[in-house]
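These numbers were taken from a predicted model, which means no experiment stands behind them.
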Amino acid sequence: MEPHNFKSIDLFAGIGGIRLGFDIAFGNEISTVFVSEWDEHAQKTYRANFKDDFIIAGDITKINENEIPAFDICLAGFPCQPFSNAGNRKGVNDANGRGTLFVECERILKSKIEAGVPPMAFVFENVRGIMSSKMDTGISVPEEIRNRMETLG
């Protein structure tokens, strides 16, 4: 089987923990083509950890999905503060909107599907506390995310 050079994007990237795992697992068969992280201190550490030839994009809610290059794998490390015991546990009602950032992933994935360059996979980090968090409708957050991703195909 011929090697494939997978392209990934790293959303809510933090300092690059999820990417590091993929880089180790895939070696030279994966390259990151886009990174989004709003925290400037995390960006500084990310740049020290990875020598990319592109600028780290800031707040993903302000990035036009058409500015994100085509990719095979979407990596998303959701902020844990809305869900974790260490945070405020407000879930989807977090004042910063951090509890619904999966909607941004959905927006980006949908745009690539509609553009005819559907990604092969996505990995959404399972932060502690998300399994017991509920949407305002009463449905669990993981079930809501699963339903939205299944709707996308």
Side-chain angles (χ1 to χ4, degrees), residues 4-23 25-26 29-40 42-43 46 49-50 52 54-153:
H4 183 85
N5 186 18
F6 296 101
K7 295 178 181 170
S8 67
I9 63 171
D10 196 0
L11 307 179
F12 329 113
I15 63 171
I18 297 174
R19 175 183 174 176
L20 180 60
F22 273 75
D23 284 358
F26 284 84
E29 294 182 25
I30 194 166
S31 59
T32 301
V33 296
F34 178 85
V35 175
S36 173
E37 171 55 50
W38 69 270
D39 183 89
E40 63 186 52
Q43 284 183 4
Y46 196 102
N49 289 337
F50 304 98
D52 297 317
F54 53 83
I55 295 184
I56 296 174
D59 183 350
I60 197 64
T61 66
K62 295 177 172 49
I63 305 295
N64 182 311
E65 58 273 9
N66 297 319
E67 295 174 16
I68 299 172
F71 58 89
D72 300 301
I73 304 169
C74 173
L75 307 175
F78 298 121
C80 63
Q81 296 92 332
F83 305 106
S84 77
N85 292 331
N88 58 24
R89 303 262 318 142
K90 291 189 178 181
V92 296
N93 296 311
D94 182 82
N96 297 357
R98 296 175 297 192
T100 56
L101 285 173
F102 60 85
V103 174
E104 296 303 316
C105 297
E106 176 186 36
R107 171 179 67 91
I108 293 163
L109 291 168
K110 183 178 180 183
S111 76
K112 299 308 175 196
I113 292 166
E114 290 175 349
V117 288
M120 297 170 64
F122 60 88
V123 175
F124 295 168
E125 181 181 18
N126 177 17
V127 299
R128 186 176 189 117
I130 199 169
M131 299 305 285
S132 60
S133 189
K134 301 226 182 266
M135 301 293 296
D136 291 336
T137 60
I139 190 171
S140 75
V141 171
E143 189 175 351
E144 177 72 11
I145 293 170
R146 185 178 61 244
N147 289 344
R148 287 170 179 259
M149 294 305 108
E150 285 176 354
T151 298
L152 290 178

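For Q43, there are no side chain to side chain donor-acceptor pair (under 3.5 Å) partners at least two apart in sequence or on another chain.
Side-chain contact between S31 and N5 is present, with heavy atoms from C-beta onward closer than 4.5 Å. Within the 4.5 Å cutoff, the side chain of S8 has no heavy atoms near those of the F71 side chain. At a threshold of 4.5 Å between non-hydrogen side-chain atoms, the residues E104 and I63 do not count as touching. Side chains of F50 and V35 form no contact here, defined as non-hydrogen atoms less than 4.5 Å apart.
Rounded to the nearest 0.5 angstrom, K112 NZ and N66 CG are separated by 6.0 Å. Once rounded to the nearest 0.5 Å, the distance linking CD of E150 with CD of E143 reads 9.5 Å. Rounded to the nearest 0.5 angstrom, F6 CZ and F22 CZ are separated by 10.5 Å. Between atom CG of residue L11 and atom CD1 of residue I18 there is a gap of 9.5 Å, rounded to the nearest 0.5 Å. Atom-to-atom distance recorded for D52:CG and F34:CZ is 11.5 Å, nearest 0.5 angstrom. For the atom pair T151 OG1 and K110 NZ, the distance stands at 10.0 Å (nearest 0.5 Å).
Side-chain contact annotation: D10 with Y46, donor-acceptor N/O pair under 3.5 Å present.
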Apply side-chain contact (heavy atoms from CB on, under 4.5 Å) to residues N49 and I15 and explain how you reach the verdict. CA-CA 8 Å; N49 289 337; I15 63 171; 4.1 Å; yes
Check the pair I30, K7 against side-chain contact (heavy atoms from CB on, under 4.5 Å), reporting the backbone distance first and the verdict last. CA-CA 6 Å; I30 194 166; K7 295 178 181 170; over 6 Å; no
L152 and E106: CA distance, side-chain angles, deciding distance, side-chain contact (heavy atoms from CB on, under 4.5 Å) verdict: CA-CA 8 Å; L152 290 178; E106 176 186 36; 4.1 Å; yes
Evaluate side-chain contact (heavy atoms from CB on, under 4.5 Å) for C105 paired with F124, printing each intermediate quantity in order. CA-CA 9 Å; C105 297; F124 295 168; 3.6 Å; yes
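Heavy-atom minimum distance, F54 versus T32: CE2-O, 3.3 Å. Between I108 and I9, the closest heavy-atom pair is CG2-CD1, 4.2 Å. Contact between G77 and E125 at its shortest, heavy atoms only, is CA-OE1, 3.3 Å.
Atom CD1 of I68 has more than 12 neighbouring heavy atoms from other residues, nucleotides or ligands inside a 6.0 Å radius.
Within the structure, salt bridge (Lys or Arg N to Asp or Glu O under 4.0 Å) pairs that include any residue of residues 55-73 comprise D59-K62, E65-R107 (at least two apart or interchain).
The backbone N or O of G58 sits less than 3.5 Å from a side-chain atom of S36, completing a donor-acceptor pair. Without hydrogens or angle criteria, E37 side chain to G14 main chain gives a donor-acceptor distance under 3.5 Å.
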